[in-house]
Amino acid sequence: MKKVLIASMGLIASLLITEAAVAQTSRMDSDLVGRTSKMEFDRMNKEGAAAVAAITPSGSKLSKADEDLMRQVALGGMMQLETSKVAVQKSTNPEVREMAQAEVDEQTGLSAKLAEIASAKGITLPATPDAKTQDMVSKMQGMAGIELDRHYVQEHAVKGHEVLDKTMAKVESKGQDAALMAVAKAAHPLVKTHLKVARELNAKLKSGNSMNSGQ
């Protein structure tokens, strides 16, 4: 009887230790976006937003090449903004929502600065999503759960940032206007950060290790 009691107590203790470890892991995961801490992610997001907001537009005329580059940045940012809004609204995964909300904040600030620069230079940027973006949003509206999460992270958080990364690099290498170059210089580091975190989160979703990844 005593041996049975000791064994039972040992089993209970083992279960309690296991539950504590699971709870600790869950708490640790809740403090991450991908493999990056929320605190560090938030810090980099705030730094990036402040850098973009600090840019002062000039009234100098844009070359046709620079105007085309600005439109590429604006359209790419709008695509990221609109698809990320859907992810914020529909995802039940805290990490995916965190990633998407950071993207909404980033692209809202970038869009506002581009509009400010465009106004100073007397040009008009697209004010509504193009047909391709509208199709992407419609497709996401029909998704839910893990299908939505994986689609958003892979197709928009990862691939979308890969496109933005290349676009920003093109502006930095080929742009001539000081304000446009300043935007690329200020925004590009955060684009790279979001791409890195998106790739981390994508790997977690594929492996099933992200929070609520089974939904």
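Here the structure is a predicted model, which means the values were calculated and not measured.
The side-chain heavy atoms of R199 and E162, taken from C-beta on, include a pair separated by under 4.5 Å. Residues L205 and V96 meet the side-chain proximity criterion, which asks for heavy atoms closer than 4.5 Å. You'll find the side chain of E106 stays beyond 4.5 Å of the side chain of N45, heavy atoms only. Side-chain contact between R150 and N202 is absent, with no heavy atoms from C-beta onward closer than 4.5 Å. Between L164 and Q107 the shortest side-chain heavy-atom distance falls below 4.5 Å. In this structure, the side chains of V73 and L110 come closer than 4.5 Å at one or more pairs of heavy atoms. Residues D31 and M39 are not in side-chain contact: their nearest non-hydrogen atoms beyond the backbone lie 4.5 Å or more apart. Within the 4.5 Å cutoff, the side chain of E155 has no heavy atoms near those of the M140 side chain.
Under the 4.5 Å side-chain heavy-atom criterion for grouping Ile, Leu, Val, Met, Phe, Trp and Tyr, V191 is not connected to M99 through any hydrophobic cluster. In the hydrophobic cluster analysis, where Ile, Leu, Val, Met, Phe, Trp and Tyr join through side-chain heavy atoms closer than 4.5 angstrom, M143 is grouped together with L201. Two different hydrophobic clusters hold L81 and M168 under the rule that ILVMFWY side chains link at heavy-atom gaps under 4.5 Å. When hydrophobic clusters are built by joining Ile, Leu, Val, Met, Phe, Trp and Tyr residues whose side-chain heavy atoms come closer than 4.5 Å, directly or via intermediates, L62 is grouped together with V171. M181 and I123 are members of different hydrophobic clusters when ILVMFWY side chains are connected at heavy-atom separations under 4.5 Å.
For the atom pair N93 CG and K204 NZ, the distance stands at 8.5 Å (nearest 0.5 Å). The CG atom of L195 lies 11.0 Å from the CG atom of L190; values are rounded to the nearest 0.5 Å. In this structure, S58 OG and D177 CG are separated by 5.0 Å, a value rounded to the nearest 0.5 Å. Put simply, OG on S111 and CG on L75 are 10.5 Å apart, with the number rounded to the nearest 0.5 Å. If you take CD on E67 and NZ on K121, they are separated by 10.5 Å, rounding to the nearest 0.5 Å. E103 CD to T108 OG1: the interatomic distance, rounded to the nearest 0.5 Å, is 9.5 Å.
For E40, the salt bridge (Lys or Arg N to Asp or Glu O under 4.0 Å) partners at least two apart in sequence or on another chain are R43. Residues meeting the side chain to side chain contact (heavy atoms under 4.5 Å, CB included) test with Q141, sequence neighbours left out: V86, Q89, K90, V137.
Taking all atoms of both residues into account, the shortest heavy-atom contact from I55 to A186 is CD1-CB, 4.0 Å. Nearest approach of S84 to V104, heavy atoms of both residues: CB-CG2, 3.7 Å. When all heavy atoms of A179 and P57 are compared, the closest pair comes out as CB-CA, 4.4 Å. The minimum heavy-atom distance linking A127 with M78 is given by the pair C-CE, 4.0 Å.
In this structure a side-chain-to-backbone donor-acceptor pair under 3.5 Å is missing from K113 to V183. Formation of a donor-acceptor pair under 3.5 Å by the Q80 side chain with backbone atoms of H156 is found in this model.
Between the side chains of T36 and E200, at least one donor-acceptor pair of N or O atoms lies under 3.5 Å. For the residue pair Q101 / D105, a side-chain donor-acceptor distance below 3.5 Å is found, with atom types taken as modelled. Side-chain atoms of D149 and S91 include a donor-acceptor pair closer than 3.5 Å. Between S138 and D135, the side chains place no donor N or O within less than 3.5 Å of an acceptor N or O (distance only, hydrogens not considered).
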Exercise for review: Evaluate side-chain contact (heavy atoms from CB on, under 4.5 Å) for H188 paired with K192, printing each intermediate quantity in order.
Suggested key: CA-CA 6 Å; H188 202 176; K192 288 180 177 294; 3.5 Å; yes
Point to revise | Audit row: V197, R35, side-chain contact (heavy atoms from CB on, under 4.5 Å) steps and yes/no | key: CA-CA 7 Å; V197 174; R35 300 297 177 190; over 6 Å; no
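When each of R71, Q72, K64 is checked for a side chain to side chain donor-acceptor pair (under 3.5 Å) with D68, only K64 meets the rule.
Through direct or indirect side-chain contacts shorter than 4.5 Å among Ile, Leu, Val, Met, Phe, Trp and Tyr, M136 is connected to M79.
Taking the six-membered ring where tryptophan is involved, the planes of H161 and H194 are perpendicular, since the angle between them exceeds 60° and thus also 30°.
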